Number of protein chains: 2
Amino acid sequence: MKEEEKKSERFANMVENIKKYGGCPVSATLKLIGGKWKPLILYFISVDVNRFGQLQRMMPDCSKRMMTVQLRELESDGLVHREVFAQVPPKVIYTLTDKGESLRPLFNMLSQWGIEQVLEPRRKAEN
Amino acid sequence: MKEEEKKSERFANMVENIKKYGGCPVSATLKLIGGKWKPLILYFISVDVNRFGQLQRMMPDCSKRMMTVQLRELESDGLVHREVFAQVPPKVIYTLTDKGESLRPLFNMLSQWGIEQVLEPRRKAEN
DNA sequence: CGGCATCCCCGGCGATACTG
DNA sequence: CAGTATCGCCGGGGATGCCG
């Protein structure tokens with residue numbers, strides 16, 4: 001294999017993809033999942049913590065306002081489905097769409113890399 | 001396989017990891033690569049566009065200031081190595097560290113997901 | 001219960017000019 | 001060539017209060 005071919009395999013060939021699809025595909029992905037609380041929200045919904053109040057209790061540092069904003073963004077980006085039950089008191093449940101579910105392998109990889117390259121080294125350094 | 005086991009496999013079990021390592025591993029990863037220009041900078045360095053001026057020409061919308069800031073962050077996070085040649089005019093080359101190189105499979109996955117789930121659907125919708 | 005409206009502050013980021 | 005320095009905007013996000 002030539003050297004240039006090896007280089008081009010180091011990362012996906014983004015320049016080509018940017019021309020073809022009109023944007024950086026990595027940034028496009030990060031824009032959807034990179035919100036301050038989105039990883040945790042997506043995680044909790046994926047394990048059936050699917051009520052607004054439940055999510056709040058799991059993430060006490062995320063204000064109601066931010067929870068709403070992030071959930072709305074996830075919804076309009078098609079990662080999360082919001083179902084409203086017309087009753088008193090109100091009831092809303094959140095679930096992952098197929099698009100949201102398709103993030104699973106990505107999240108597992110992001111999680112593993114974060115543990116190995118960021119969190120675990122940091123913990124060792126503190127001891 | 002029980003239903004609970006399936007649920008816990010949908011995403012990595014973050015709650016457990018957060019307790020164990022003191023932070024959300026996914027957010028920890030996104031914090032390092034999520035900067036506005038970082039995906040493109042990392043990509044270009046990975047294909048040996050390794051001079052400051054070269055990077056600027058590849059990304060004309062990224063100001064010199066932002067280029068500097070992002071490169072310094074990548075360096076202090078251990079993803080990029082900065083080598084200065086003491087000569088006039090100055091010469092600096094940037095390369096990926098092993099930690100930076102280890103992002104490759106992650107970037108390929110992020111890129112593929114972005115194309116399939118974000119950019120390609122968007123292009124189709126415009127036609 | 002599950003939001004929305006408002007106020008306010010801080011930090012990210014752009015523009016511009018200067019430098020070893 | 002490869003940066004720094006300074007100014008200034010504006011938008012993300014916190015705090016608080018109100019609502020169906």
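All values below were derived from every heavy atom in this structure, side-chain atoms included, with hydrogens, water molecules and symmetry-related copies excluded. First the proteins, then the strands, lettered A, B, ... as listed; each starts at 1. None of these values were measured; they are calculated from a predicted model.
Between A:Q70 and A:K36, the shortest heavy-atom distance links the atoms OE1-N, 3.6 Å.
Between the C1' atom of C:dG12 and the NZ atom of B:K31 lies a distance of 14 Å, rounded to the nearest Å. Here C:dC1 presents its P atom at 17 Å from CD1 of A:I93, a figure rounded to the nearest Å. In this structure, B:K64 places its NZ atom 14 Å from P of C:dG20, rounding to the nearest Å. Rounded to an integer number of Å, the gap from NZ of B:K36 to C1' of C:dG14 is 8 Å. One interatomic measurement links the two molecules: CE of B:M66 to P of C:dA15, which rounds to 12 Å at whole-angstrom precision.
Atom-to-atom distance recorded for B:K19:NZ and B:N13:CG is 9.0 Å, nearest 0.5 angstrom. Residue A:F44 holds its CZ atom at 8.0 Å from CE of B:M14, rounded to the nearest 0.5 Å.
Judged purely by atom type and a 3.5 angstrom limit, B:S111 has no side-chain atom pairing as donor or acceptor with the backbone of B:N108.
Put simply, the side chain of B:E83 does not reach to within 4.5 Å of the side chain of B:T95, judged on heavy atoms.
Residues from residues 71-87 of chain A lying near DNA chain D, meaning a heavy-atom separation below 4.0 Å, are absent.
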Report task. Could you please spell out the steps behind the side chain to side chain contact (heavy atoms under 4.5 Å, CB included) verdict for A:W113 and B:L103? Result -> CA-CA 8 Å; A:W113 194 91; B:L103 284 169; 3.4 Å; yes

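With respect to B:R123 and B:E120, a salt bridge is recorded, a charged nitrogen being found less than 4.0 Å from a carboxylate O.
When heavy atoms are screened at a 4.0 angstrom cut-off, B:R51 is found touching the sugar-phosphate backbone but no base atom.
Think of the region where chain B sits on DNA chain D: with heavy atoms and a 4.0 Å cut, that region ends 5' and 3' at D:dC1 to D:dT6.
A single hydrophobic cluster is not seen to contain both B:V69 and A:L30; linkage of ILVMFWY side chains at heavy-atom distances under 4.5 Å, directly or through other members, places them apart.
Residue A:K91 is the one, among A:R65 and A:K91, whose nearest nucleotide of DNA chain C lies closer to the 5' end (criterion: closest heavy atom).
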